[in-house]
Amino acid sequence: MFSYTRISAITSVALLLASFTNAQFGPSQCARNYTVKPGDVCDAISAAQHSSTFQLANANKGVIDANCTNLQVGEIICLGLLGKDCTDTTVVGGSNCEAITTNAGIPLSTLLHNNPNVLDGCTNIYPEEVLCTSGALFDYTV
Ligand SMILES: *[C@@H]1O[C@H](CO)[C@@H](O)[C@H](O)[C@H]1NC(C)=O
Ligand SMILES: *[C@@H]1O[C@H](CO)[C@@H](O)[C@H](O)[C@H]1NC(C)=O
């Protein structure tokens with residue numbers, strides 16, 4: 001799950017430097033930045049900043065771990081990469097993919113394309129998850 005875990009309050013310069021070193025994408029590839037605040041968790045950042053759960057993880061590969069347990073207060077993270085920054089998002093809540101696609105006016109294939117973490121049958125979405133609901137297609141594979 002990409003949620004629920006509270007970040008530690010102490011910022012470690014060493015950890016920050018280590019995370020920048022391991023980052024797959026550099027600052028010049030980032031369309032939008034965000035500075036981590038006390039109490040932030042990834043899915044809450046995703047919801048407030050309109051960056052899907054997948055997009056936030058993808059834009060911070062090598063920086064944020066798989067379960068989002070290593071956010072550091074004051075750390076600058078990337079909300080979306082240049083050319084693949086979906087800002088049309090929705091929080092799953094009690095909804096399902098059929099309702100989400102109907103509301104967004106997009107086919108299921110578009111939802112699945114833009115949210116590669118969602119399984120074909122849409123069986124693995126969860127309430128705090130943030131999905132890209134854009135009608136445009138974003139290529140997260142490159
Ligand atoms: C994001 O932050 C980095 C590091 O401070 C900076 O180099 C970059 O220009 C910023 N990008 C945007 C889009 O603000
Ligand atoms: C992430 O959390 C899940 C569920 O708690 C756990 O099974 C999994 O091992 C964790 N993954 C990592 C990389 O820590």
Side-chain angles (χ1 to χ4, degrees), residues 1-120 122 124-142:
M1 296 281 276
F2 208 63
S3 60
Y4 287 127
T5 311
R6 295 278 157 192
I7 59 175
S8 63
I10 311 293
T11 301
S12 156
V13 172
L15 275 176
L16 282 179
L17 289 175
S19 65
F20 282 127
T21 306
N22 295 329
Q24 182 164 331
F25 303 107
S28 64
Q29 289 158 283
C30 189
R32 292 186 287 149
N33 278 337
Y34 176 79
T35 303
V36 175
K37 295 173 179 51
D40 272 348
V41 295
C42 280
D43 279 337
I45 295 172
S46 283
Q49 303 300 321
H50 300 276
S51 170
S52 73
T53 296
F54 177 85
Q55 178 169 294
L56 187 67
N58 185 62
N60 296 284
K61 272 185 197 158
V63 177
I64 301 178
D65 66 28
N67 282 346
C68 193
T69 62
N70 64 339
L71 287 180
Q72 302 288 326
V73 173
E75 176 183 15
I76 297 171
I77 58 173
C78 182
L79 296 173
L81 298 171
L82 288 169
K84 46 188 111 175
D85 183 17
C86 174
T87 56
D88 297 318
T89 60
T90 193
V91 178
V92 170
S95 198
N96 57 40
C97 284
E98 190 180 2
I100 290 168
T101 53
T102 300
N103 273 341
I106 59 172
L108 180 61
S109 59
T110 299
L111 187 77
L112 294 174
H113 177 96
N114 285 337
N115 299 277
N117 55 333
V118 176
L119 299 174
D120 280 358
C122 228
N124 65 332
I125 59 173
Y126 56 92
E128 299 80 16
E129 186 169 6
V130 180
L131 299 177
C132 167
T133 52
S134 176
L137 295 177
F138 294 86
D139 186 359
Y140 291 113
T141 63
V142 290

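When a ligand or atom number is given, it counts from 1 through the structure's own listing order.
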Minimum distance, heavy atoms only, to atom 13 (C) of ligand 1: which one of Cys78, Gly80, Ser28, Ala31 is it?
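It is Ala31 that holds the nearest heavy atom.
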Pick from Asn33, Ile77, Thr35: the one approaching atom 2 (O) of ligand 1 most closely through a non-hydrogen atom:
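The option holding the nearest heavy atom is Asn33.
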Can you tell me if Gln29 has over 12 outside heavy atoms packed within less than 6.0 Å of its CD?
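Atom CD in Gln29 is crowded, with more than 12 foreign heavy atoms closer than 6.0 Å.
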Mind jotting down which residue pairs meet the ring pair (Phe, Tyr, Trp, His ring centres under 6.0 Å) criterion with at least one end in residues 41-90? Sequence neighbours excluded, please.
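Listed once each, the pairs are Phe54-Tyr140.
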Please determine which of Asn115, Asp43, Thr89 meets the side-chain hydrogen bond (donor to acceptor under 3.5 Å, both in side chains) test together with Thr53.
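The single option meeting the side-chain hydrogen bond (donor to acceptor under 3.5 Å, both in side chains) with Thr53 is Asp43.
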Interfacing atoms of ligand 1 (cut-off 4.0 Å, heavy-atom, Cys30)
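Heavy-atom distances to Cys30 below 4.0 Å select 13 (C).
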For atom 7 (O) of ligand 1, which protein heavy atom lies nearest, and how many Å away is it?
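Heavy-atom neighbour on the protein nearest atom 7 (O) of ligand 1: Pro27 CB, 3.6 Å.
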Identify, for atom 5 (O) of ligand 1, the protein heavy atom at the shortest distance, and state residue, atom and that distance.
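I find the closest protein heavy atom is Ile76 CD1, 3.8 Å.
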So Leu71 and Ile64, do their side chains get closer than 4.5 Å, heavy atoms only?
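A side-chain contact exists here, since the closest heavy-atom pair is under 4.5 Å.
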Any chance you could lay out the side chain to side chain donor-acceptor pair (under 3.5 Å) test for Asn117 and Glu129, step after step, and finish with the verdict?
CA-CA 11 Å; Asn117 55 333; Glu129 186 169 6; 2.9 Å; yes
